[in-house]
Amino acid sequence: MYIVEFMGTIMHDLKFVRDHLDIVQESLKRRRSDLDLSALTQFDQDRRDALAKVEALKNIRNRVSDAVGRLKKAGLDDNNPIPEELADLVGPEVKQVGDLRQEMRRVSDDIKELDGLLLEAQEKINTLMMVIPNLPHSSVPIGAEAADNPVVRTWGEKPQMDFDPKAHWDIGEHLGILDFERAAKITGARFALYWGQGARLERALINFMLDIHTREHGYLEVLPPFMVNGVSMTGTGQLPKFAADLFKLEGTDYYLVPTAEVPVTNIHAQEILEEKDLPICYTAYTPCFRAEAGSYGKDTRGLIRQHQFNKVELVKFSRPETSYEELEKLLLNAEEILRRLNLHYQVVSLCTGDLGFSASKTYDIEVWLPGQGLYREISSCSNFEEFQARRANIRYRPTGQKKTAYVHTLNGSGLAVGRTLLAILENYQQNDGSVIIPEVLRPYMNGLEKITGVRV
RNA sequence: GGAGAGAUGACCGAGAGGCCGAAGGUGCUCGCCUGCUAAGUGAGUGAAUGGUUAACGCUGUUCCGAGGGUUCGAAUCCCUCUCUCUCCGCCA
């Protein structure tokens with residue numbers, strides 16, 4: 001138990017991975033990852049050998065160079081014999097001050113060569129380290145796939161309907177607020193065009209969510225860039241492994257954000273934060289762009305799986321000691337949106353086999369969709385512990401301690417806006433094809449109580 | 001897009017081949033002092049990584065935007081790149 005928790009926080013410390021290879025390898029298996037780490041030991045040995053050698057040479061260079069400076073100042077020219085103190089540092093053939101220069105040139109060349117070897121070993125290690133997923137927290141249920149995710153709690157009830165509930169794409173197209181055909185004409189499959197009250201409802205939801213999180217949950221609103229560079233993508237763990245899921249802008253190092261998690265977590269990349277400022281809580285609206293590679297034929301209808309969708313995100317930077325409390329709070333902050341909208345949902349805890357690459361622990365919130373007769377993910381809330389903080393180098397200074405430490409990063413959707421809209425369409429649909437607007441949204445809809453058609 | 005200026009520690013800001021891991025200040029830590037607060041005052045205080053130690057610690061190496069080069073030796077000289085600022089052009 002202890003060791004597992006310990007592991008979670010220290011993951012991707014090279015020293016730890018190197019010294020506990022068997023434990024890490026075992027944990028990978030539990031995650032259903034077949035990554036082979038056996039080469040790591042040799043790479044690290046190479047690295048340390050080169051390091052020891054090159055540092056010894058650099059030490060000699062530093063000391064001799066320093067002495068040369070002093071000798072010159074003292075007025076000794078090249079023909080003078082070298083002082084005793086330097087004799088041990090250089091070869092026996094070096095007798096005069098003038099010989100030192102030549103000897104040091106040779107040492108410098110050796111250093112250059114060893115530095116090259118060192119870099120090579122380091123790169124091999126990095127390449128391997130960057131594709132090792134985070135290790136699950138001890139509380140993560142063990143299982144192979146999504147079907148093994150236990151339900152943590154449910155809230156509300158399925159709405160009673162005395163008619164056959166329709167799927168949102170039928171409702172939306174009938175009302176004229178969702179237009180997939182024209183979106184396909186403009187762009188392609190997996191895009192949506194919203195009309196009139198549909199567009200308005202999407203905008204209302206964004207504002208409603210941001211207002212709750214900023215006014216009641218204590219998050220600071222940020223509006224980040226919707227494109228990020230490769231370094232940021234690596235920091236949060238999308239790269240190097242998941243390049244195929246991203247849209248990259250041709251001829252640049254820029255990517256469309258797949259989630260606000262990337263720009264917002266990277267706000268503090270390379271920074272040392274003050275402990276008194278933690279936890280730092282941000283909320284951000286962004287569109288999200290996903291290539292959805294490998295999902296051909298899945299969820300092809302409606303708003304479920306789009307290349308572009310809107311999301312309000314919650315991001316936290318926490319002290320390690322409190323990160324799991326913060327995760328529970330963040331989860332409740334996301335749930336609160338569904339509660340206010342009176343949408344029935346369940347919370348599941350992702351099992352080891354279903355956990356994402358960067359996460360130590362993840363809860364999914366799944367909303368009930370009567371039109372399809374199933375629960376559907378509408379939010380995913382995770383604690384990444386040190387995983388992203390190491391990659392993005394986000395540290396803080398624990399009070400009273402000399403060393404800096406990595407923060408824990410967390411994030412969760414609060415919520416996916418398109419999926420919230422479709423959940424409203426399906427849960428609030430009426431027999432006549434209209435859709436009642438949840439009360440809390442009416443102030444955001446100019447008082448409108450019911451969607452009856454695009455023009456109204 | 002054109003022209004110029006710049007990038008130094010948590011932050012501001014000196015430094016212009018060796019005496020620089022880097023003055024001074026802010027912040028922070030530990031004291032002193034004033035009844036509280038503010039002010040004052042003394043000392044300390046960069047990061048990463050390797051070795052060693054039971055530990056306090058001791059010690060090597062690296063880091064002055066990034067990468068190359070010159071040199072026995074680079075924050076400092078040269079080249080390339082990135083970013084920031086100012087002016088001009090264009091533009092929501």
Side-chain angles (χ1 to χ4, degrees), chain A residues 10 12-19 43-83 85-91 93-123 125-126 129 223 225-232 234 251-254 266-278 280 317 386 389-407:
Chain A
I10 209 80
H12 290 183
D13 179 356
L14 175 59
K15 209 189 298 184
F16 180 86
V17 176
R18 169 225 295 163
D19 294 343
F43 294 160
D44 187 52
Q45 193 59 51
D46 294 346
R47 178 188 137 267
R48 287 199 285 171
D49 287 348
L51 189 66
K53 279 187 209 155
V54 79
E55 287 192 351
L57 285 180
K58 282 178 178 174
N59 182 239
I60 290 173
R61 184 182 65 184
N62 286 345
R63 289 160 69 182
V64 173
S65 292
D66 189 58
V68 168
R70 276 185 282 111
L71 293 176
K72 228 175 188 173
K73 209 169 207 178
L76 277 89
D77 66 23
D78 286 358
N79 297 324
N80 284 292
I82 64 169
E85 43 158 344
L86 296 184
D88 293 342
L89 296 176
V90 296
E93 71 282 2
V94 179
K95 297 199 166 63
Q96 299 178 330
V97 172
D99 298 337
L100 281 173
R101 211 170 343 232
Q102 205 182 342
E103 175 74 0
M104 284 307 106
R105 198 172 296 144
R106 196 158 46 236
V107 169
S108 267
D109 287 344
D110 289 349
I111 288 173
K112 235 167 252 177
E113 194 187 327
L114 281 167
D115 269 338
L117 290 177
L118 187 61
L119 192 70
E120 207 176 291
Q122 189 63 59
E123 272 168 3
I125 292 167
N126 283 350
M129 294 287 284
L223 182 61
F226 299 162
M227 298 177 204
V228 298
N229 59 33
V231 172
S232 294
T234 307
T252 71
D253 181 39
Y254 296 162
N266 277 288
I267 286 174
H268 293 300
Q270 314 293 327
E271 291 184 17
I272 299 176
L273 304 169
E274 294 295 332
E275 181 171 25
K276 64 173 162 52
D277 296 333
L278 301 177
I280 293 172
F317 303 82
E386 287 187 1
R390 277 185 187 281
R391 296 167 77 107
N393 200 19
I394 310 170
R395 292 166 293 168
Y396 77 108
R397 208 179 294 281
T399 41
Q401 274 186 54
K402 234 182 148 182
K403 300 264 311 165
T404 57
Y406 291 105
V407 300

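In what follows, every heavy atom counts, from backbone to side chain, and hydrogens, waters and symmetry copies are set aside. In what follows, every chain begins at residue 1, and chains take the letters A, B, ... in the order their sequences are listed.
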Report the base-pairing partner of [N] (Watson-Crick or G-U wobble, both distances below 3.5 angstrom), or none.
{"N": "B:A22", "result": "none"}
{"N": "B:U52", "result": "B:G57"}
{"N": "B:C77", "result": "B:G69"}
{"N": "B:C90", "result": "none"}
{"N": "B:U84", "result": "B:A5"}
{"N": "B:A47", "result": "B:U62"}
{"N": "B:C36", "result": "none"}
{"N": "B:G31", "result": "B:U41"}

**Item:** Salt bridge flag under 4.0 Å for residues A:R105 and A:D109
**Value:**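 Salt bridge: no.
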
**Request:** For the pair A:R47 and A:D44, find out whether any cationic side-chain nitrogen is under 4.0 Å from an anionic carboxylate oxygen.
**Result:**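 Yes, charged N to carboxylate O under 4.0 Å.
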
For nucleotides [N] and [M], find the distance between their [atom1] atoms and express it as a whole number of Å.
{"N": "B:G13", "M": "B:U26", "atom1": "P", "answer": "15 Å"}
{"N": "B:G89", "M": "B:G4", "atom1": "C1'", "answer": "15 Å"}
{"N": "B:U80", "M": "B:C28", "atom1": "C1'", "answer": "40 Å"}
{"N": "B:U8", "M": "B:C83", "atom1": "C1'", "answer": "16 Å"}
{"N": "B:A74", "M": "B:U62", "atom1": "P", "answer": "9 Å"}
{"N": "B:C64", "M": "B:A10", "atom1": "C1'", "answer": "16 Å"}
{"N": "B:G69", "M": "B:A48", "atom1": "P", "answer": "28 Å"}
{"N": "B:A23", "M": "B:U45", "atom1": "P", "answer": "11 Å"}

Distance, rounded to the nearest Å, where [X] contributes [atom1] and [N] contributes [atom2]:
{"X": "A:L118", "N": "B:G60", "atom1": "CG", "atom2": "P", "answer": "19 Å"}
{"X": "A:L71", "N": "B:C72", "atom1": "CG", "atom2": "P", "answer": "15 Å"}
{"X": "A:L117", "N": "B:U61", "atom1": "CG", "atom2": "C1'", "answer": "17 Å"}
{"X": "A:I272", "N": "B:C11", "atom1": "CD1", "atom2": "C1'", "answer": "12 Å"}
{"X": "A:I111", "N": "B:U61", "atom1": "CD1", "atom2": "C1'", "answer": "11 Å"}
{"X": "A:D109", "N": "B:G69", "atom1": "CG", "atom2": "P", "answer": "11 Å"}
{"X": "A:E275", "N": "B:U29", "atom1": "CD", "atom2": "C1'", "answer": "14 Å"}
{"X": "A:R395", "N": "B:A47", "atom1": "CZ", "atom2": "P", "answer": "9 Å"}

Atom pairs under 3.5 Å, N or O on each side, protein against nucleotides 73-80 of chain B: can you list them with distances?
unit_1, atom_1, unit_2, atom_2, d
B:G73, OP1, A:S108, OG, 2.8
B:G73, O4', A:S65, OG, 3.1

Nearest-0.5 Å distance, [atom1] of residue [X] to [atom2] of residue [Y]:
{"X": "A:L273", "Y": "A:I280", "atom1": "CG", "atom2": "CD1", "value": "4.5 Å"}
{"X": "A:M129", "Y": "A:R390", "atom1": "CE", "atom2": "CZ", "value": "8.0 Å"}
{"X": "A:E123", "Y": "A:L118", "atom1": "CD", "atom2": "CG", "value": "10.0 Å"}

Contact under 4.0 Å: [X] side-chain N or O vs [N] OP1/OP2:
{"X": "A:N59", "N": "B:G60", "value": "no"}
{"X": "A:N393", "N": "B:A48", "value": "no"}
{"X": "A:R397", "N": "B:A47", "value": "yes"}

What are the two closest heavy atoms between [X] and [Y], and how far apart are they?
{"X": "A:Y396", "Y": "A:Y406", "value": "CE2-O, 3.7 Å"}
{"X": "A:S232", "Y": "A:V228", "value": "CB-CB, 4.0 Å"}
{"X": "A:R397", "Y": "A:E275", "value": "O-CB, 3.6 Å"}

**Asked** Nearest to the side chain of A:K112, which nucleotide is it out of B:A47, B:U70, B:U62?
**Response**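 Among B:A47, B:U70, B:U62, the one nearest the side chain of A:K112 is B:U70.
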
**Prompt:** Touch check for A:K53, heavy atoms < 4.0 angstrom, all strands: base, sugar-phosphate only, or nothing?
**Reply:**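 The residue A:K53 makes no contact with any strand.
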
**Message:** Base, sugar-phosphate or nothing for A:V68? Non-hydrogen atoms, less than 4.0 Å.
**Reply:**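 A:V68: base contact, heavy atoms under 4.0 Å.
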
**Comparing A:R105 and A:A67 on RNA chain B - which has the more 5′ nearest nucleotide** =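 Final value for this comparison: A:A67.
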
**Request:** For A:D66 and for A:R63, locate the closest nucleotide of RNA chain B by heavy-atom distance; then report the residue assigned to the nucleotide nearer the 5' terminus.
**Result:**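 It is A:D66, whose closest nucleotide lies nearer the 5' terminus.
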
Protein-nucleic acid N or O pairs under 3.5 Å, nucleotides 49-52 of chain B:
unit_1, atom_1, unit_2, atom_2, d
B:G51, OP1, A:R48, NH1, 3.2

**Asked** Are side-chain N/O atoms of A:Q45 and A:D49 paired as donor and acceptor at under 3.5 Å?
**Response**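 Indeed, the side chains of A:Q45 and A:D49 share at least one donor-acceptor pair under 3.5 Å.
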
**Request:** For A:R106 and A:D110, run salt bridge (charged side-chain N to carboxylate O under 4.0 Å, His left out): C-alpha distance rounded to whole Å, both residues' side-chain angles, the deciding distance at 0.1 Å, then the answer.
**Result:** CA-CA 6 Å; A:R106 196 158 46 236; A:D110 289 349; over 6 Å; no

**Request:** Give me the one residue out of A:V64, A:D99, A:V68 that meets side-chain contact (heavy atoms from CB on, under 4.5 Å) with A:M104.
**Result:**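 One option only clears the test, and that one is A:V64.
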
**Request:** Please answer whether the main-chain N or O of A:A121 pairs with a side-chain N or O of A:D46 as donor and acceptor at a distance below 3.5 Å.
**Result:**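 Not at all, since once roles are kept as given, no pair shorter than 3.5 Å links the two residues.
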
